[in-house]
Amino acid sequence: MPNEYTLIDTPEALSTLLAKLYDLERTRPALFVDLEGFDLCRHGRIALITIHASPLEMTYLVDVTTLGEVSFTTEGENLPGKTLKSLLEDKEIPKVLFDCRNDADALYNLYKVDMAGVIDLQLMELATRKRRQRAYVNGLARTIKDYAGLSPEALAEWEEVKTYGKKIFDTGESWSWSTACRDAHPPLAHPQATLKPPVFYSRRDL
């Protein structure tokens with residue numbers, strides 16, 4: 001499985017990325033999105049926005065810790081008015097997430113980004129179960145175990161990396177987020193974007 005990633009931590013790099021993302025097909029989902037941060041909700045902070053662009057076979061890590069508000073106001077190359085905010089709010093551009101509740105809460109209350117066009121894999125998984133089994137939603141770890149088809153070794157590696165990433169963001173320290181965005185972003189890019197959404201969405205039973 002490829003593990004290609006690009007860190008986006010300057011307005012220029014973000015502008016170039018937006019031009020690529022707005023040029024992708026819209027007939028089927030091409031963007032798989034995840035947010036990471038400290039206490040991710042309206043009372044917390046967003047550190048990273050991970051965007052896997054499936055047609056480009058590339059995962060982009062938008063460093064919100066460094067860019068701040070500019071993450072959502074920078075316009076794409078030769079695309080006036082087209083920003084990351086407008087992309088996330090565009091209902092005609094499908095975006096796949098897993099359990100978007102906290103992500104949406106943080107985006108709207110911290111940066112006034114009202115996400116639309118969301119395909120929530122957690123709800124899709126819930127819908128595949130028999131009615132009597134729909135009393136609760138499954139978390140990411142359970143869903144990975146049930147659907148990703150990983151070997152025990154690969155599953156253990158995934159859990160190790162997920163635990164490592166959680167430790168970084170749970171500290172709530174700015175220096176830790178910067179470390180995650182730069183020194184530690186290679187392993188974080190793998191489970192949160194390259195593995196999580198495309199694997200599930202490609203399955204016929206979801």
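- Residues H52 and M58 come closest through the heavy atom pair ND1-O, 3.4 Å.
- Annotation: cation-pi pair K20/Y22 absent, no NZ/CZ under 6.0 Å from the ring centroid and within 45° of its normal.
- Using a 4.5 Å cut-off between side-chain heavy atoms of Ile, Leu, Val, Met, Phe, Trp and Tyr, with links allowed through other members, L121 and V137 fall into different hydrophobic clusters.
- Using a 4.5 Å heavy-atom cutoff, the side chains of K95 and L88 are in contact.
- Rounded to the nearest 0.5 angstrom, T6 OG1 and L17 CG are separated by 8.5 Å.
- Remark: the backbone N or O of D114 is paired with a side-chain donor or acceptor of E89 at under 3.5 angstrom.
- Between L48 atom CG and D63 atom CG the span is 6.0 Å, to the nearest 0.5 Å.
- L14 and Y111 fall within the same hydrophobic cluster, where Ile, Leu, Val, Met, Phe, Trp and Tyr residues are linked whenever their side-chain heavy atoms come under 4.5 Å apart, directly or through other members.
- Here the straight-line distance linking atom NZ of K85 with atom CG of L107 works out to 10.5 Å at 0.5 Å rounding.
- To the nearest 0.5 Å, atom CG of residue L155 and atom CG of residue L150 are 6.0 Å apart.
- Residues V62 and I93 share a hydrophobic cluster, clusters being chains of Ile/Leu/Val/Met/Phe/Trp/Tyr side chains in contact below 4.5 Å.
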| field | Working for side-chain contact (heavy atoms from CB on, under 4.5 Å), residues D90 and R26 | value | CA-CA 11 Å; D90 193 331; R26 303 187 184 186; 3.8 Å; yes
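- When all heavy atoms are compared, the tightest approach of L110 to C41 is CD1-O, 3.8 Å.
- No single ILVMFWY cluster, assembled from side-chain heavy atoms under 4.5 Å apart, contains both F98 and L123.
- For the pair V33/M115, no side-chain contact is recorded, criterion being any heavy-atom separation below 4.5 Å from C-beta on.
- When side chains are defined from C-beta on, I46 counts as touching L40, because their heavy atoms get closer than 4.5 Å.
- Of the listed residues (N102, V64, D103), just one forms a side chain to side chain contact (heavy atoms under 4.5 Å, CB included) with L35, and that residue is D103.
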| task | Using the side-chain contact (heavy atoms from CB on, under 4.5 Å) rule, take L18 and K82 through it: C-alpha gap first, then chi angles, then the decisive distance, then the call. | result | CA-CA 8 Å; L18 289 169; K82 299 298 185 181; over 6 Å; no
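- Using a distance-only test at 3.5 Å, with no hydrogens or angles considered, a donor-acceptor pair links the side chain of D120 to the main chain of C100.
- Contact record, D9 with T66: O-CG2, 3.8 Å, taken as the closest heavy-atom pair.
- The side-chain heavy atoms of L31 and L87, taken from C-beta on, include a pair separated by under 4.5 Å.
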| request: Please lay out, stage by stage, how T50 and T59 fare under the test side-chain contact (heavy atoms from CB on, under 4.5 Å). | output: CA-CA 7 Å; T50 305; T59 299; 3.5 Å; yes
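- Under a hydrophobic-cluster definition in which Ile, Leu, Val, Met, Phe, Trp and Tyr are linked whenever side-chain heavy atoms come within less than 4.5 Å, directly or via other members, Y108 and I49 are assigned to different clusters.
- Contact annotation: the side chain of F72 never approaches that of T83 to less than 4.5 Å [non-hydrogen atoms, C-beta and beyond].
- The minimum heavy-atom distance between L67 and S71, with the atom names listed, is CB-OG, 3.1 Å.
- Between the side chain of S15 and the backbone N or O of E75, at least one donor-acceptor pair lies under 3.5 Å.
- Taking both residues in full, the closest heavy atoms of G81 and S86 are given as O-OG, 3.7 Å, listed atom of the first, atom of the second, then distance.
- In this structure, the side chains of L7 and L61 come closer than 4.5 Å at one or more pairs of heavy atoms.
- Taking each heavy atom of A19 and L79 in turn, the nearest pair found is CA-CD1, 3.8 Å.
- Within a 6.0 Å radius of CD in E77, other residues, nucleotides and ligands contribute more than 12 heavy atoms.
- Side-chain contact between L21 and L24 is present, with at least one heavy-atom pair separated by less than 4.5 Å.
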